[in-house]
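Side-chain atoms are counted along with the backbone in the values below, which use heavy atoms only and exclude waters and symmetry mates.
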Amino acid sequence: MLDHPHSRRLNRQDYKTLSLAALGGALEFYDFIIFVFFAALIGERFFPADIPEWLRQLQTFGIFAAGYLARPLGGVIMAHFGDRVGRKKMFSLSILLMALPTLAIGLLPDYHAIGIAAPLLLLLMRMLQGAAIGGEVPGAWVFVAEHVPEKRIGIACGTLTAGLTAGILLGSLIATLINSLLSPETVAAVGWRIPFLLGGAFGLLAMYLRRWLEETPVFQQMQARKALSATLPLGNVLQHHRRAVVVSMLLTWLLSAGIVVVILMTPTWLQKQYGIAPALSLQANSIATVMLLIGCICAGQAADRWGAGRTLITGSLLLAVCSWLFYYRIGSHPETLFFGYGLAGFSVGVVGIVPCIMVRSFPPAVRFSGISFSYNIAYAVFGGLTPICVTLLMALTPLAPAYYVLALCLMGLLLGLWLKRDSNSAPAAARADICG
């Protein structure tokens, strides 16, 4: 007896699509994030030597932030064409748009060679990278979700999100390797260029491999039925799908802030608050990141089996308990660092169901635009404001990261209850389209 097409297991083609999408996404995230690991050296090479150190750092991180500011614009433009001319074309363009600027950063002459043109060219490359990542993440979620069976969207999106996050871990490992194998003088002279050259080369390879991917069946069916959006896709989204936009933005807040606080900010918090050695905190961070990848996959699988509403409720409660125990106990029980941080990282994996919910919140004709607009705008706002909010809260309590994560968990719990209620109240015929 044949499986129903909506409930069949993943086949060889599905795994191929998912693997190539996850590989490309990981490499794009690596290309985007590697800048931060060498920011200090880049500042020394691309700005005048006679300016104050604080100004050099400000300018360097300003260029890094420019990549985030370019995400919404790049994402919305690429999503528009993704809804009009095809997912695959934009999926390939995004990785090319990331690979070439990354390669260029590795080859750029510094300030001593070309003067003010050096930081300006660096700024342009970062903005192109930001535009690329703004189209890659929503595009990848849409691409894999429209390839796999309906009942396997959760595990597909969870696995892809794990792949994207693996790019952060890869960047950390490469940076550690470069600094371990080369002397500080060599790293400052030419060593910092190696990760960018590797990232560009790997990105071009991933783009070549994506040639073997096929356009999504969903988009092909829309083309055949002439069901593509007749109006501006984003206008359609803002006019008819405002509730889906709000839900998607709140979920993006949960995703971005959870990763920013628990994964990116916590190592520095551990060092400053409790004097934990940098090497030890970074080792624990690597464990937490690996556990996050596993958590994303588990959350996606749970969403397919029990629904995203129930999974979001359970995952939010688990994140609240695990993160609170970690932040509250680490000062008095430093021996629990690896175990506690790993458990907290795993619980952040609840964010693996975020794309599953967003994919099912928008109809196919405007899906790419809806997700891209909601995700990139929310990520630019909440991803940027979260470190500021947590830092300000630190003046009131050293447990500021814990309280911020608890607030996110409460929001996730309420969204999960709403999704579950919305699913239960939907007509039977429509329940297959609600991830809850």
Go through the structure and list residues passing ring-ring contact (aromatic ring centres under 6.0 Å, His included) with Phe373, not counting sequence neighbours.
none

Identify, with sequence neighbours excluded, every residue that meets side chain to side chain contact (heavy atoms under 4.5 Å, CB included) alongside Ile178.
Phe38, Ile174, Leu182, Val187, Ile194, Pro195

How about Ser183 and Thr186: does a side-chain donor come under 3.5 Å of a side-chain acceptor?
yes

Listed once per pair and sorted, the side chain to side chain donor-acceptor pair (under 3.5 Å) pairs that draw on residues 337-346, sequence neighbours left out
Asn285-Tyr341

Is a side-chain N or O of Thr266 found less than 3.5 angstrom from the main chain of Trp269, in a donor-acceptor match?
no

Mind jotting down which residue pairs meet the salt bridge (Lys or Arg N to Asp or Glu O under 4.0 Å) criterion with at least one end in residues 336-349? Sequence neighbours excluded, please.
none

Cation-pi between Arg126 and Phe35: NZ/CZ under 6.0 Å from ring centre and within 45° of the ring axis?
yes

Do Pro387 and Val260 make a side-chain contact, defined as non-hydrogen atoms from C-beta onward lying under 4.5 Å apart?
yes

Quick one: does Ser372's side chain have a donor or acceptor within less than 3.5 Å of a partner on Gly75's backbone?
yes

Thr386 and Tyr404 side chains, donor-acceptor separation under 3.5 Å
yes

Under the rule for side chain to side chain contact (heavy atoms under 4.5 Å, CB included), what residues qualify as partners of Lys272, not counting sequence neighbours?
Thr268

All pairs passing side chain to side chain donor-acceptor pair (under 3.5 Å) where residues 159-174 contributes a residue, at least two apart
Trp141-Thr161

Are Arg84 and Met90 packed together at the side-chain level, in the sense that at least one heavy-atom pair is separated by less than 4.5 angstrom?
no

NZ or CZ of Arg71 within 45° of Tyr379 ring axis and under 6.0 Å
yes

